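Here the structure is laid out as structure tokens; the discussion comes afterwards.
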Amino acid sequence: MDHDDDSPESIDQRIWLTVCAIPRGMVATYGDIAQRAGMPGAARRVGVALRRLPRGTSVPWYRVVNASGRSSLPPGPDGADRQHALLQEEGVALLPGTGAFRKHRWR
DNA sequence: ATCTTGACAATTG
DNA sequence: GCAATTGCCAAGA
């Protein structure tokens with residue numbers, strides 16, 4: 001029985017669902033998402049999946065940060081700046097020195 | 001089939 | 001704490 005889809009779209013779907021599982025007000029790393037999605041070491045694959053997300057998606061992509069606890073997106077209003085703003089609305093400030101990342105890290 | 005790129009991670013200086 | 005290097009895995013040209 002082939003219920004295991006190796007299709008790229010199915011992989012994206014699984015990653016998105018995992019991201020949706022991140023509780024509000026918390027953040028997770030790409031590596032954590034990858035491991036939880038069933039593909040440890042494929043942190044980059046997570047980045048690809050998130051990049052493929054449409055605008056106005058219900059997937060909380062902004063809750064995913066890199067291992068440094070920082071936005072991995074390029075600077076700009078539609079990049080790190082956007083992510084930072086959205087997280088701040090949930091009470092998460094990725095400010096250096098505050099240790100907010102470790103404090104709100106979800107695993 | 002080969003090479004390059006990418007919203008990463010861990011290690012080292 | 002930051003910058004450079006190496007490793008990993010999959011998608012795109």
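Predicted model only: the values in this text are computed from it and were never measured. A, B, ... follow the sequence lines: proteins, then strands. Residue 1 opens every chain.
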Quiz item: Under 4.0 angstrom, heavy atoms only, what part of the nucleic acid is R82(A) near: base, sugar-phosphate, or nothing?
Solution: nothing
Quiz item: Rounded to the nearest Å, what distance is computed from the CD1 atom of residue I33(A) to the P atom of nucleotide dA9(B)?
Solution: 11 Å
Practice problem: Identify whether any heavy atom of S71(A) sits under 4.0 Å from a base atom; if not, whether one sits that close to sugar-phosphate; answer base, sugar-phosphate or nothing. | Solution: nothing
Quiz item: Taking the side chain of S72(A) as its heavy atoms from C-beta onward, which of dA7(B), dA11(C), dC9(C) lies nearest to it?
Solution: dA7(B)
Quiz prompt | Most 5' of V48(A) and N66(A) on DNA chain B, judged by nearest nucleotide | solution = V48(A)
Quiz prompt | hbond_proxy Y30(A) side chain to dA7(B) base (donor-acceptor, 3.5 Å cutoff) | solution = yes
Exercise. Write down the distance between CG (L73(A)) and C1' (dA7(B)), rounded to a whole number of angstrom.
Key: 5 Å
Polar atom pairs (N or O), protein with nucleotides 10-13 of chain B, under 3.5 Å:
none

Exercise. For dA10(C), take OP1 and OP2 only and decide whether either is under 4.0 Å from a side-chain N or O of R52(A).
Key: no
Self-check item: Protein-nucleotide distance (W61(A), atom CH2; dC8(B), atom C1'), rounded to Å
Solution: 17 Å
Self-check item: Contiguous Watson-Crick or G-U pair runs (3 or more, under 3.5 Å) in DNA chain C
Solution: B:2-6 with C:9-13, B:8-13 with C:2-7
Self-check item: Whole angstrom value for the distance that separates P of dA7(B) from CG of L87(A)
Solution: 18 Å
Quiz item: For the pair made of CG in L50(A) and P in dC9(C), what is the distance, rounded to whole Å?
Solution: 19 Å
Quiz item: Hey, quick one: are L53(A) and V46(A) part of the same hydrophobic cluster, counting side-chain heavy atoms closer than 4.5 Å, chains of contacts allowed?
Solution: yes
